Amino acid sequence: MATKNRFSTQPRSNLMPWLGIAAIVILFDQLSKITITKLFHLGEEKVITSFFNLVLAYNKGAAFSFLQNESGWQRYFLSAIAIGAALYIVLLLKKHGGQRLFCWALALILGGAIGNVIDRLVYGHVVDFLDFHIKAFGHFPAFNIADSAICIGAGLFIIDELRRVNR
């Protein structure tokens, strides 16, 4: 009787665990955005700590409000890029399903990308609400759970690549 190696890096085609992680990110992202839009008015701020606020902000652009002030074409352009990236990520997940850290990274990025695409297509902007600030530097751009998942996924991707290079 052979036992299964849980830490195998052999490819598996089972996408469900990875798509499940992405779905959880999308669920938490969308629930948090719905909640914040119901409780806050645009620009309204609630101080939580000396370095963190909740604030309702809309971002029509990309990261750090890049392209924010354009005429509206960026909504469809950024959505198309995110949808294309999501499809490519699904292919990578299918091909490399046994590489756990790599797939965790991709699943988080996938969930974050889709979470923000939903906002762009439904509202015409991304809902941001997490506002960190340091007195000496001021406020960082507001962000959301989808953005956080993308950043964590990118960090895991870098760690995975560094591990791969050091083998």
Side-chain angles (χ1 to χ4, degrees), residues 4-34 36 51-52 54-55 57-68 70 74-123 125-134 137-167:
K4 225 178 182 181
N5 182 356
R6 291 188 172 277
F7 302 103
S8 171
T9 58
Q10 296 301 316
R12 294 185 318 202
S13 62
N14 189 0
L15 286 172
M16 292 315 291
W18 310 120
L19 296 180
I21 292 166
I24 290 168
V25 169
I26 295 165
L27 177 68
F28 283 128
D29 177 62
Q30 291 298 305
L31 286 175
S32 65
K33 290 171 179 175
I34 290 167
I36 207 79
F51 61 88
F52 174 67
L54 291 175
V55 61
Y58 298 150
N59 181 0
K60 293 182 181 181
F64 306 108
S65 298
F66 177 67
L67 300 176
Q68 168 80 9
E70 293 297 319
Q74 72 276 22
R75 172 185 183 186
Y76 303 103
F77 177 71
L78 295 171
S79 295
I81 288 173
I83 291 168
L87 293 172
Y88 184 65
I89 287 171
V90 170
L91 291 174
L92 288 173
L93 287 170
K94 186 166 178 61
K95 184 177 180 183
H96 302 283
Q99 297 177 18
R100 294 174 61 114
L101 187 57
F102 180 70
C103 289
W104 263 101
L106 291 176
L108 290 172
I109 293 168
L110 176 64
I114 292 173
N116 282 340
V117 164
I118 291 169
D119 284 11
R120 283 187 211 293
L121 295 178
V122 172
Y123 307 116
H125 55 260
V126 174
V127 175
D128 291 326
F129 58 91
L130 301 171
D131 177 33
F132 286 89
H133 50 91
I134 299 173
F137 299 105
H139 289 258
F140 297 104
F143 58 97
N144 57 46
I145 291 175
D147 298 333
S148 300
I150 291 168
C151 289
I152 292 167
L156 292 176
F157 183 73
I158 290 168
I159 291 168
D160 183 60
E161 286 302 310
L162 290 173
R163 279 187 15 193
R164 211 179 306 267
V165 167
N166 290 330
R167 282 187 192 170

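Note that the structure is a prediction, hence the values are computed from the model and not measured.
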- Kindly state each residue pair satisfying salt bridge (charged side-chain N to carboxylate O under 4.0 Å, His left out) with at least one member in residues 77-92, sequence neighbours excluded.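 Sorted pair list comes back empty.
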
- So which pairs with a foot in residues 77-93 pass salt bridge (charged side-chain N to carboxylate O under 4.0 Å, His left out), sequence neighbours left out?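 Salt bridge (charged side-chain N to carboxylate O under 4.0 Å, His left out) check on residues 77-93 returns no pairs.
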
- Message: Among residues at least two apart in sequence or on other chains, which ones pass salt bridge (charged side-chain N to carboxylate O under 4.0 Å, His left out) with R164?
- Response: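 Scan of R164 (salt bridge (charged side-chain N to carboxylate O under 4.0 Å, His left out), adjacent residues dropped) gives D160, E161.
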
- Message: If the condition is side-chain contact (heavy atoms from CB on, under 4.5 Å), which residues does L106 pass it with, not counting sequence neighbours?
- Response: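 Here the qualifying residues are I89, L92, L93, F102.
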
- Query: Does A86 have any side-chain contact (heavy atoms from CB on, under 4.5 Å) partners at least two apart in sequence or in another chain, and if so, which?
  - Reply: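 In terms of side-chain contact (heavy atoms from CB on, under 4.5 Å), with neighbours along the sequence ignored, A86 is linked to L110, I114.
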
- Item | Test ring pair (Phe, Tyr, Trp, His ring centres under 6.0 Å) applied to F132 - qualifying residues, sequence neighbours left out |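 Once residues adjacent in sequence are excluded, the partners of F132 under the ring pair (Phe, Tyr, Trp, His ring centres under 6.0 Å) criterion are F52, F143.
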
- Query: Under the criterion side chain to side chain contact (heavy atoms under 4.5 Å, CB included), which of I21, L15, N14 is the partner of P17?
  - Reply: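 Of all the options given, the one that passes is N14.
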
- Could you grab the distance from atom CD1 of I36 to atom CG of D128, nearest 0.5 Å is fine?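 Spacing of CD1 (I36) from CG (D128) equals 11.0 Å.
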
Extract all donor-acceptor atom pairs below 3.5 Å that involve side chains of residues 151-158 and protein atoms in other chains or at least two apart in sequence.
none

Identify the heavy atoms of [X] and [Y] that sit nearest to each other, and give their distance.
X    : Y    : answer
L121 : S79  : CD2-OG, 3.7 Å
V117 : A82  : CG2-CB, 3.1 Å
G112 : A146 : O-CB, 3.3 Å
F129 : S32  : CZ-OG, 3.4 Å

- Message: Suppose we screen for side chain to side chain donor-acceptor pair (under 3.5 Å). Which residues come up paired with D119, at least two apart in sequence or across chains?
- Response: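 Testing D119 for side chain to side chain donor-acceptor pair (under 3.5 Å), a comparison that skips the adjacent residues, returns Q30, K33.
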
- Query: How would you list, by chain and number, every residue that makes a side chain to side chain donor-acceptor pair (under 3.5 Å) with H133, sequence neighbours excluded?
  - Reply: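 Residues passing side chain to side chain donor-acceptor pair (under 3.5 Å) with H133: N53.
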
Ignoring hydrogens and angles, tell me if any N or O in the side chain of [X] forms a donor-acceptor pair with the backbone of [Y] under 3.5 Å.
X    : Y    : result
N144 : V127 : yes
N116 : A113 : no
W18  : W104 : no

